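Letters go in sequence order (proteins before strands), and every chain restarts at 1. Because the structure is a prediction, the values reported are computed rather than measured.
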Amino acid sequence: MALNYAYYPGCASQEITKEANKTTRKVAKILGIGLHEMPDANCCGAGLMTDYDRKLWLTLNARIFAQAEAMGMDIMTICSTCLMVMNTANKELRDDPVLLKEVNDLMAKGVAKGSEAALCYSGKVEIKQLLWVLAGEYGLEKLKAKVKRPLSWLKAAPFYGCHTLRPSDALGFDDPEKPWSLEAVIKALGGEVVDYKGKTRCCGFQVDLVAPDTAVSMTAKRLLDAKDMGADCMVTPCPFCHINLDNYQGMAEKKVARKISLPIFHLPQLVGLALGLNEAEMGLDRHMVSPESALNK
Amino acid sequence: MRQVIKFKIKRFDPMGAEGNAPYWQAYNVKLDHGMTVLEALLKIEKNDDPTLSFRRSCRSAICGSCAIMINGTSKLACHTQIAPEFEKHGEMVIGPLDNYQVLKDMIVDFTPFWMKMERVKPYLVPKKEPKGGWVITNEDTKVIDASQKCIMCGSCNGACNSQEIDEGYIGPSASAKAWRFVGDIREGDKRLRLDRISQEHGIWDCVRCVSCTEVCPKDVAPMTAIEKLREEALAEGLDDNPGAKHALALVDSVKRVGRLDEATMTFKTLGFLRSLGMIPFGLKMQMHGKMPHPILFPAIGKLDEVRGIYKARERQRKNERKKKG
């Protein structure tokens, strides 16, 4: 059965990390995964709206879920923060029917009567990350069969991103104590996995502007950790991790007074590389750290 | 035949022959049915090595003494069975909690932990009792219930990413404790408390890695407590700091365009002067096409729906406030 999803790239991948969005669409096409647009979907709150007002946050998330429900599809995102935020909201709404009703009432009040159909969420939508789709429903064997150019030269360090794994009671797919999915995808693509301590730790993104010293030191620590274990590159399913590991790598280098030069791939780019997409198709020129050294030329 | 499992334990004794360097030592433990990590440690101490040091008391996940690292995660030794743990990881690697200074083997210095607790004044400062006494409803209790369950084992601080980098960060355990009192309807010093923890190294420095909530053996959910503290701080108007500004900028951005507009958010978070400092970095980003256009930022479809939800919720919030007084 063909896989179809309501596609929610997340705000970051519609702007700063456009290359992840662009590559995901191409990869999905090759793999035969149907991605269906959600042009009216709003931001999930990015883990910041919960700081302002929980009810508003839940209602805006219910609006996204209701749209997917109307499409008759589950949601697939390529942003781990969206993944965590939406799954956390979904769990709260599903666990508490009274709350779900309150949120639906508020949504009905907010949405103008003129709109064609009243938005209502019943609690049936699942929210998945591209990583989960590849390692789960799509399947590693099927992915392996699609590989045109096995990444046999590449030693890749998986960087999960906090919100791919935690909180596990809302996310549920992988095990934060001993995650396997990203490693499994790297292996299915023919790459070698580099294990290191920082793979389930934080990149620092959330405090980039709030506590920049903490953020940059954290980024540097993760990068060095992977580099020192012999990685040629890092791969992450989360665009925010990519922003810190790639865009901020120069600052991290300054902080620790050491050249790091570690290419950082978005998960869809690593898949695209193995499927035979070229650099331009995957927007690799948009990266701040040149990926050249990891491309086997 | 009973299974024998090798325990790889991180040892450290500043007064020992190895001096200041930590080292690994292996012990074989014959497994009893349902045996916990703490029982194994007690067995090793009794039969193999009386110098092995670790804290313990109740053996029932109540006292919070025996938090250690087990296969890379902070856990209570008494609350962790060996068989499933070994099955998952294929090994038993034991050491002291991360993010603390080690005194000996698995015993770490809790002084910073207690000092952080002190920073949030871990006791109720009651406001004037209403006539007829306080009436505490179930709902009132529910708000702070999770944070009351903390046994101060320190597992969360050991897992905390912010604390790993910034020792001065207030940390999840003290934050959960702060919420215990800020969320209490009898509390009189709410604003002062919130003001204190809104400063640098306070609640806004949390990186939202959710590690604290993940490892907590008592479901205290410190991450949620931090969110609630932030929500209360904003409601109290304590928003003159980058963390608060960042959150408010997002709320405003979604209302304006339905999405997260990173460039405008950066400007609003940092203010004019500090934003100037970001220009060189911004230009570098621009070279790679990574700067989102701050003016031509496209809005989502049916933005009116989002704005309608904002409006409806604002009305509701106003009424809720009125009721609360």
Side-chain angles (χ1 to χ4, degrees), chain A residues 11-12 14-18 39-43 45-56 59-60 63 84 106-107 109-112 115 119 162-163 165-168 175-178 197 201-202 204-207 209-211 213-215 217-218 221 247 250-251 283 285-288, chain B residues 71-73 88-89 161-162 164-166 169 200-201 204-211 213-214 223 227 230-231 234 241-244 246-248 250-251 253-254 258-262 266 269-270 281 284-285 288-290 292 297 300-302 304-313 316-317:
Chain A
C11 301
Q14 293 177 63
E15 292 294 333
I16 296 188
T17 52
K18 268 180 194 156
D40 304 337
N42 49 271
C43 166
L48 288 170
M49 202 173 283
T50 35
D51 296 344
Y52 173 70
D53 181 51
R54 231 170 162 84
K55 200 63 148 312
L56 176 65
T59 312
L60 288 172
R63 181 175 178 269
M84 181 278 281
L106 190 61
M107 190 151 61
K109 258 184 222 160
V111 174
S115 327
L119 278 177
C162 299
H163 299 160
L165 299 170
R166 297 180 291 264
S168 59
D175 179 354
E177 279 183 29
K178 199 177 196 295
K197 196 171 178 235
R201 304 291 286 171
C202 178
F205 177 81
Q206 287 264 354
V207 296
L209 300 174
V210 180
D213 274 349
T214 300
S217 301
M218 204 175 285
K221 195 160 183 180
N247 297 12
M251 290 192 212
D285 55 321
R286 289 173 52 82
H287 291 199
M288 307 267 281
Chain B
N71 292 321
T73 305
K88 188 199 273 191
H89 293 275
N161 274 273
S162 282
E164 176 191 6
I165 304 294
D166 174 14
Y169 170 56
E200 268 185 74
H201 311 288
W204 295 101
D205 283 20
C206 160
V207 287
R208 211 181 283 271
C209 68
V210 208
S211 301
T213 294
E214 191 64 41
M223 177 69 242
E227 286 176 340
R230 288 171 169 183
E231 201 176 339
L234 292 180
N241 62 71
H246 194 226
L248 291 175
L250 179 274
V251 174
S253 167
V254 177
R259 304 203 278 134
L260 181 158
D261 166 5
E262 192 70 40
T266 302
T269 305
L270 297 179
F281 180 64
K284 253 191 230 166
M285 297 256 291
H288 294 265
K290 289 234 165 206
F297 201 84
I300 59 159
K302 296 187 185 163
D304 284 350
E305 290 186 3
V306 170
R307 288 184 176 165
I309 291 171
Y310 267 77
K311 239 185 227 162
R313 178 57 189 152
Q316 208 177 49
R317 253 161 74 107

Pairs of heavy atoms under 4.5 Å with chain B: top-ranked of A:Lys197, A:Met49, A:Met107, A:Glu177: A:Glu177
Part of B:Glu227 lying under 4.5 Å from any heavy atom of chain A: both
Best-contacting candidate, A:Thr59, A:Thr17, A:Leu60, A:Asp213, against chain B by heavy atom pairs under 4.5 angstrom: A:Leu60
Results of side chain to side chain donor-acceptor pair (under 3.5 Å) for A:Asp40 - residues two or more places apart only: none
Closest heavy-atom pair and its distance - B:Gly289, A:Arg286: O-NH1, 2.8 Å
Heavy-atom proximity to chain B below 4.5 Å, by part of A:Asp285: backbone
Option in A:Pro39, A:Pro176, A:Gly47 with maximal non-hydrogen atom pairs under 4.5 Å from chain B: A:Gly47
Region of B:Val207 that comes under 4.5 Å of a non-hydrogen atom in chain A: both
Winner by heavy-atom pair count (cut-off under 4.5 Å) against chain B, out of A:Gly250, A:Gly204, A:Cys162, A:Ala12: A:Cys162
Top contributor to chain B interface from A:Lys109, A:Lys221, A:His163, A:Arg54 [non-hydrogen pairs under 4.5 Å]: A:Arg54
Ionic contact status for B:Glu305 with A:Arg63, cut-off 4.0 Å: yes
Residue, of A:Gly283, A:Pro167, A:Ala211, that accumulates the most heavy atom pairs under 4.5 Å with chain B: A:Pro167
Inter-residue atom distance B:Ile300.CD1 - A:Asn42.CG, 0.5 Å rounding: 5.0 Å
